[in-house]
Amino acid sequence: LPADLLEGGSKEAIRLGAGFLSTLAALVIGLMIASAKNTYDSQNTNIRQLGTNAVLVDQMLTQYGPEARAARTLLREIIPSATARIWRENISGKGGGSAFVDSEMAERFYRAAEGLEPANAEQTSLKSRIIQLTTDMGRTRLLVFTQGDDAIPLPFFVVLVFWLVVIFASFSLFAEPGLVVVASTLVFALSVSSALFLIVDLSHPFQGFMQISNHHLHMVLPKIE
């Protein structure tokens with residue numbers, strides 16, 4: 001800016017305003033990163049819980065006896081299918097009401113588990129625990145879809161980007177244009193943009209560079225001997 005426009009305390013007013021806005025933007029960015037990380041951790045926990053319950057159900061079906069072999073086979077079919085469905089519908093965002101409807105394969109597994117006929121007290125206890133765990137698996141799968149909305153609303157991003165534009169514009173008001181000014185401004189902008197990238201990527205746990213891995217769900221169940 002020309003020197004005559006910076007008289008009468010103009011510099012101090014701009015610096016105070018930019019400083020206040022920078023503090024506010026830093027606070028908002030910190031809260032947004034925390035919220036996005038919480039969403040990522042919640043979904044990661046849900047996926048791991050799904051795998052853990054699948055292993056427990058398989059172990060109990062093994063203890064139940066040969067009568068549960070059909071249910072164990074179906075369990076090995078629904079886990080890869082459910083995994084693919086979770087990733088596909090969360091990435092596309094077009095699950096809609098169908099995301100809350102069990103697949104035909106899952107229904108067959110539930111019927112196989114319900115159809116077990118205990119012959120003694122031990123099998124009766126095992127069946128009740130199997131039913132409870134399969135119910136928990138269904139609940140966890142639903143949690144994955146209900147928590148799949150964007151953690152950060154779009155208006156937050158719009159307002160934050162506006163603040164950042166104002167802040168970075170204020171950086172060069174008092175400096176002569178030059179290589180150092182341009183380079184340092186670009187470096188600062190890239191650094192802040194990386195924080196925004198973290199927010200966006202963590203807000204979408206099933207896609208992007210930091211997406212949750214589905215490898216352990218595919219490998220969680222051993223082969224039926």
Requested in this report: Output all residues satisfying side chain to side chain donor-acceptor pair (under 3.5 Å) with Thr62, sequence neighbours left out; order by chain, then residue number.
Outcome: Arg72
Query - Distance (rounded to the nearest 0.5 Å) between Ser191 OG and Leu196 CG - result: 11.0 Å
**Report entry** Phe157 atom CZ, over 12 foreign heavy atoms within 6.0 Å
**Finding:** yes
Requested in this report: Kindly give the heavy-atom pair with the smallest separation between Leu61 and Ala68, and that separation in Å.
Outcome: O-CB, 3.4 Å
Requested in this report: Mark yes or no for whether Ser35, through its side chain, and Leu31, through its backbone, hold a donor-acceptor pair below 3.5 Å.
Outcome: no
Report summary line: Residues Phe209 and Asp201: closest non-hydrogen pair is N-OD2, 3.3 Å
Query raised in the report: Shared ILVMFWY cluster between Phe168 and Val165, side chains joined below 4.5 angstrom?
Result: no
Query - Nearest heavy atoms of Ile14 and Ser170, plus distance in Å - result: CG2-CB, 4.4 Å
Report summary line: Taken to the nearest 0.5 Å, the spacing of Arg76 CZ from Ser81 OG works out to 15.5 Å
**Report entry** Interatomic distance, Ser42 atom OG to Lys37 atom NZ [nearest 0.5 angstrom]
**Finding:** 9.5 Å
Report task. Please report the closest heavy-atom contact between Leu116 and Lys127, naming both atoms and the distance. Result -> O-NZ, 2.8 Å
Query raised in the report: Are any side-chain N or O atoms of Tyr64 and backbone N or O atoms of Glu122, one a donor and one an acceptor, separated by less than 3.5 Å?
Result: no
**Report entry** Same apolar cluster (I L V M F W Y, side chains within < 4.5 Å links), Leu24/Phe162
**Finding:** yes
Report task. Evaluate the criterion side chain to side chain contact (heavy atoms under 4.5 Å, CB included) for residue pair Thr185 and Val181; output intermediate values, then yes/no. Result -> CA-CA 6 Å; Thr185 302; Val181 174; 4.2 Å; yes
Query raised in the report: According to a 4.5 Å side-chain heavy-atom criterion applied to Ile, Leu, Val, Met, Phe, Trp and Tyr, with indirect links allowed, do Val192 and Phe197 form part of one hydrophobic cluster?
Result: no
Query raised in the report: Between Phe188 and Val28, is there a shared hydrophobic cluster once you connect ILVMFWY residues whose side-chain heavy atoms come closer than 4.5 Å?
Result: yes
Query raised in the report: With Gln132, which residues qualify under side chain to side chain donor-acceptor pair (under 3.5 Å), at least two apart?
Result: Asp136
Query raised in the report: Any idea which heavy atoms bring Ile212 and Trp87 closest together, and the distance?
Result: O-CZ2, 3.0 Å
Report task. Please name the pair of heavy atoms, one in Ile79 and one in Ala54, separated by the smallest distance, quoted to 0.1 Å. Result -> CD1-CB, 3.8 Å
Report summary line: Contacts of Gln49 meeting side chain to side chain donor-acceptor pair (under 3.5 Å) (sequence neighbours excluded), chain-then-number -> Asn53
Query raised in the report: Can you tell me how far CG of Leu143 sits from OG1 of Thr45, rounded to the nearest 0.5 angstrom?
Result: 11.0 Å
Query raised in the report: Could you give the distance from CD1 (Ile131) to CE (Met60), rounded to the nearest 0.5 Å?
Result: 11.5 Å
Report task. Flag the pair Phe206 / Asn214 as yes when at least one side-chain heavy-atom distance between them is below 4.5 Å, and no otherwise. Result -> no
Requested in this report: State which residue, out of Leu142, Val144, Asp41, fulfils the side-chain contact (heavy atoms from CB on, under 4.5 Å) condition with Asn46.
Outcome: Val144
Query raised in the report: If you measure from CD on Glu114 to CD1 on Ile130, what distance do you get to the nearest 0.5 Å?
Result: 10.5 Å
**Report entry** Criterion side chain to side chain contact (heavy atoms under 4.5 Å, CB included) on Met137 and Leu75, from CA distance to verdict
**Finding:** CA-CA 11 Å; Met137 289 174 63; Leu75 181 62; 4.1 Å; yes
Query raised in the report: Are Gln63 and Gln123 side-chain neighbours, meaning at least one heavy-atom pair lies under 4.5 Å?
Result: no
Requested in this report: Take Thr83 and Leu50 through the test side chain to side chain contact (heavy atoms under 4.5 Å, CB included) and record every step on the way to the result.
Outcome: CA-CA 10 Å; Thr83 301; Leu50 190 62; 5.7 Å; no
Query raised in the report: Does the side chain of Arg108 reach to within under 4.5 Å of the side chain of Ile78, using non-hydrogen atoms?
Result: no
Query raised in the report: Is a donor on one side and an acceptor on the other found under 3.5 Å between the side chain of Ser128 and the backbone of Ser125?
Result: yes
Requested in this report: Given side chain to side chain contact (heavy atoms under 4.5 Å, CB included), test Leu160 with Ile29 step by step and report yes or no.
Outcome: CA-CA 8 Å; Leu160 181 59; Ile29 289 175; 3.7 Å; yes
Query raised in the report: Is Met32 reachable from Val166 through a run of I, L, V, M, F, W or Y residues, each pair having side-chain heavy atoms under 4.5 Å apart?
Result: yes
Report task. Measure from the side-chain N and O atoms of Gln43 to the backbone N and O of Pro205, and report whether any donor-acceptor pair falls under 3.5 Å. Result -> no
